[in-house]
Amino acid sequence: MNQKLVTFLTCLFLAGTLTAQVPTEKDMGAYLFVFFSDPTHSLFMATSRDGYTFTAVNDGQPVIEGDTIADQKGIRDPHIYRGPDGAFYIAMTDLHIFGKEKGYRTTRWDRDEKEYGWGNNHGFVLMKSFDLINWTRSNVRIHEVFPEFADIGCAWAPQTAYDPVEGKMMLYFTMRTGNGKTKLYYAYTDDDYTQLISTPQILFDYPDPEIQILDADIAPMPDGRYFMTYVAQEGKSGIKMAVSDSIHSGYHYQPQWVDFEPKACEAPNVWKRIGEDKWVLMYDIFSIHPHNFGFAETSDFVHFEHLGHFNEGVMKAINFISPKHGSVIHITAEEADRLEQYWEKQKE
């Protein structure tokens, strides 16, 4: 048989096998929660079988140290997503807010705060894995890829989604120019998830341009639309929502707040309960000490029921405290077993 044909058929077979192996919701038996902590600026993972009680792997210690992967020796705002190829995609802010105290730099921030604002940084850390254990990594510096953003003030809270219309992985994030107002942007990545290949564009405009918006999260709805939650710094920082038929544009502003906090919160993430028509809204309550997460639940993306905080209601955190800015996805029971067993073996 012609060698080129053999190669083509082999690739076709492998592609079909990979597609067949991508699990759907009926295959799922566990949840994976990724987050970071302020003291470590590193990546943590926790698993749950029921979506209510989460236990961190590696005895509550980081699974990847921030100083091993980030330009600034620290990561923040990890978000995990499973792509249509079955791979896991993690995007993180490349920023250490205690870099001076840790001896990583001689100044509070990487650049002058008057000119570039709080926590100024240039980009992200992107990682990809098929088993949650072995990862490829790339550091994306937006100002190097896109000269028009040479005066970038920050690039925060990146999240990944698959755009079925474009057939590409989409990164959406918070960004500002200089020390201006933060806005929400999106851009597409290359197939290997190593770089941005399209110029960042505005994802959503708030009605009042004087209000900063940040920390967008996009979740698919049962009717094919997209549900976006985000932070509006209007009064206290809190969570609002918007809905669109398109993953990257056309989001309709809704004025109501959807969090239940008397103080400021941020970093919303919406995830579905396996086998149920219920979705959980999770958010980081950075205004309380110690830090904690708040939870609400909806079945119609309109009305939300307050579930309380970790260890103050039905949601439980077993062996970790003060998680920061995280996200939750479904995984199979086998994937959860493998991840937990891997980290158990590291103690031997």
So, [X] and [Y]: side-chain donor and acceptor under 3.5 Å apart, yes or no?
X	Y	answer
D284	H325	no
Y206	Q212	no
S129	D131	yes
T189	Q195	no
N269	S327	no
N139	R137	yes
Q72	R105	yes
D217	Q159	yes
Y193	T160	yes

For K183, does the NZ atom sit with more than 12 other heavy atoms under 6.0 Å from it, leaving out its own atoms?
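Count not over threshold, so no.
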Mind listing the closest non-hydrogen atom pair of P255 and Y253 along with its distance?
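Smallest heavy-atom distance, with atoms named: CA-OH, 3.4 Å.
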Using the six-membered ring wherever Trp is involved, compare the ring planes of F35 and F44 and label them parallel, tilted or perpendicular (cut-offs 30° and 60°).
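Answer is parallel, since the angle falls under 30°.
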Side-chain donor/acceptor of Y81 to backbone N/O of Y162, under 3.5 Å
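It does hold such a pair.
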Between [Y] and [X], is the closest basic N to carboxylate O distance under 4.0 Å?
X	Y	value
K240	D259	no
D163	K168	no
K324	E266	yes

Find out whether the Lys NZ or Arg CZ of K100 is both under 6.0 angstrom from the six-membered ring centre of W109 and within 45° of the ring's axis.
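No, K100 and W109 do not form such a contact.
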Taking the cut-offs as 6.0 angstrom to the six-membered ring centre and 45 degrees off its axis, would you call R111 and Y116 a cation-pi pair?
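Satisfied, under 6.0 Å and within 45°.
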